[in-house]
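A short worksheet on the structure shown next.
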Protein chains: 2
Amino acid sequence: MAPSEPRRTATIGATETSFGIVEYLRDSVTAGVSDIANELGVSKSTAYNHVRTLVKLGYVAETDDGYALSLKFLNLGDHARRRHALYHAAKGEMDDLVDAIGERGQVMIEENGRGVYIYQVRTDHAVQTDSHIGNFVDLHTTAVGKSYLAFCEEERREAILVGDLAALTPETITDRDDLLEELDRIREQGHAFNDEERITGMRAVGAPIISDRHGVLGAISVSGPTTRMNGEWYRREIPEKVKQAARIIGIRGTYS
Amino acid sequence: MAPSEPRRTATIGATETSFGIVEYLRDSVTAGVSDIANELGVSKSTAYNHVRTLVKLGYVAETDDGYALSLKFLNLGDHARRRHALYHAAKGEMDDLVDAIGERGQVMIEENGRGVYIYQVRTDHAVQTDSHIGNFVDLHTTAVGKSYLAFCEEERREAILVGDLAALTPETITDRDDLLEELDRIREQGHAFNDEERITGMRAVGAPIISDRHGVLGAISVSGPTTRMNGEWYRREIPEKVKQAARIIGIRGTYS
DNA sequence: AACGTATGTTCTCCAGAGACGAACAAATAC
DNA sequence: GTATTTGTTCGTCTCTGGAGAACATACGTT
């Protein structure tokens, strides 16, 4: 049943457990050695040695209630983000856009076939979701992702859409042909809707960021609850504002 | 000559080289396997295995011109930052402060005896420096750091100020007694100045963020070139604004 | 206080993971 | 067309990193 995996490349276990610890600390905020050893299924001494190494390297900090991720990761994240021109270009414009619309705004980039939020603006009454900075999402389930898919190169799209389309809500587009149709529609109108396809009760309007030199850099969107995002406001006005912002960001992203 | 290091704890080499690769990628933006192997002084196959592992874990991405840090680090950084109440409390107020003053604003926290910038606001004409988000700095060389040192617990301060005070410019305070005097002054007036002590040509005004429940959470500052920051504006008005913002952030940071 | 149980830390020992270097393929430069 | 340089794979051997027990402290409970 399983395709014949070439199973070629050796992989370094120590690194995996170290990052396992890092990810566990990310999720649990703080933890102790025994705790970690249990969770990762390694001996206490192993967990201890790894943690000590991470502390020595400065990636884990010792706090009053256990070990925790160090802010040194902020540095790595920031550098990773700086590599992408889109971040600088989009930041200011997104702030303005969210000021004008309310709700929440986000900037997405594609990496390894998935979408990553690289910037997010929230207003006071914006809804809390799991769309944090740095989180990866499936492209076909978001307005930003569909915007990207609609306007990226044919070849890239094919490469991304190889597997199945996972469903997150009853509204998620899981059929490949349906998705391609939707992408046609998005290409035509220049913006994408997301109507409870990722989170029930949440809508979003997205548009791609296009640079005439470098193609699609990513996408932006504004999202909020269906209770506030509806009617003409949702169907007409927001898309116009989002597209307008996307155009400006695209131009700025091209010459920088 | 070398002090008798207890040399107790074993440290995991594989993890060190993996993070070595990560840091090299951070600094070089993109790199290839041979390049990495050279830089780290390991064999090509070793470098290759490490990189493949990092790719598999999703922390390194393959780009057109070599391997690069993945945006997944953004996620880790963001989580590390969320652990600190100060971030949420300070963000909005700092944006306002920088709007009012111009120049650049930053929020700092102490970790392992050094300072980390966890948030930064820039205006259009703000000066570019190396004070990036996630960067670590010596506390005694910055307005934020001195603010923190002045108001943190005696015990903590002693623990931090064990080593020598490194000089970054001719103005850096390198004498321990001078520093303690300076801290007295800061405690008295409630704000700290940094007059070219870290970067020649740059000044800053900082103030601690104090929560009456949790003590000093960190510090904020506004910084800019000496050509623009001077006279009464620098000596009187900016400190007042900074202290005012710090007070508000302190209150917000206490009840959340 | 005395006890039990949790923790973090240190120790020793052995298997096997991980480092090396050579050999290969594929891309690029010349 | 050859000559380098790249990424990748293959064996071989060594020394590292993992397990588990033992130790030291800190906590909570009765």
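Keep in mind the model is a prediction, meaning the values are calculated, not measured. Chain A is the first sequence line, chain B the second, and so forth, proteins listed ahead of strands; every chain is numbered from 1.
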Report the distance from atom [atom1] of [X] to atom [atom2] of [N], rounded to the nearest whole Å.
X     : N      : atom1 : atom2 : value
A:L40 : D:dG17 : CG    : P     : 17 Å
A:N49 : C:dG8  : CG    : C1'   : 12 Å
A:I12 : C:dG16 : CD1   : P     : 18 Å
B:D35 : D:dG7  : CG    : P     : 8 Å
B:E62 : D:dT8  : CD    : P     : 7 Å
A:R52 : D:dG18 : CZ    : C1'   : 18 Å
A:N38 : D:dG20 : CG    : P     : 13 Å
B:I36 : D:dT5  : CD1   : P     : 18 Å

Polar pair under 3.5 Å, donor/acceptor by atom type, side chain B:S45, base C:dA19: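 Donor-acceptor pair under 3.5 Å: no.
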
Upstream residue (5' side of DNA chain C) when A:A31 and B:S43 are each assigned their closest nucleotide: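 Here A:A31 is the residue nearer the 5' end.
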
Quick check for you: among [options], whose closest atom lies nearest to any side-chain atom of [X]?
X     : options               : result
A:Y67 : D:dA19, C:dT9, D:dG18 : C:dT9
B:K44 : D:dA22, C:dA19, D:dT8 : D:dT8
A:V42 : D:dA19, C:dG8, D:dT8  : D:dA19
A:S34 : C:dT9, D:dT8, C:dG8   : C:dG8
A:Y48 : C:dC20, C:dG18, C:dG8 : C:dG8

Salt bridge present between A:E23 and B:K72 (N-O < 4.0 angstrom):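 Between B:K72 and A:E23 there is a salt bridge, with a charged N closer than 4.0 Å to a carboxylate O.
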
Salt-bridge criterion met for A:R52 and A:E62 (N-O under 4.0 Å):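 Yes, A:R52 and A:E62 are salt-bridged.
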
B:T46 vs C:dC20: side-chain N/O to OP1/OP2 distance below 4.0 Å: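 It does, given that an N or O in the side chain of B:T46 lies less than 4.0 Å from OP1 or OP2 of C:dC20.
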
Side-chain N,O (A:H50) to OP1/OP2 (D:dG18) below 4.0 Å: yes

Separation between NZ of B:K146 and NE2 of B:H140, rounded to the nearest 0.5 Å: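 Those atoms lie 9.5 Å apart.
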
Rounded distance (nearest 0.5 Å) linking atom CG of A:L25 with atom CG of B:L76: 10.0 Å

A:E111/A:R83 under salt bridge (Lys or Arg N to Asp or Glu O under 4.0 Å): CA gap, chis, key distance, verdict: CA-CA 12 Å; A:E111 189 176 89; A:R83 198 160 51 80; 3.8 Å; yes

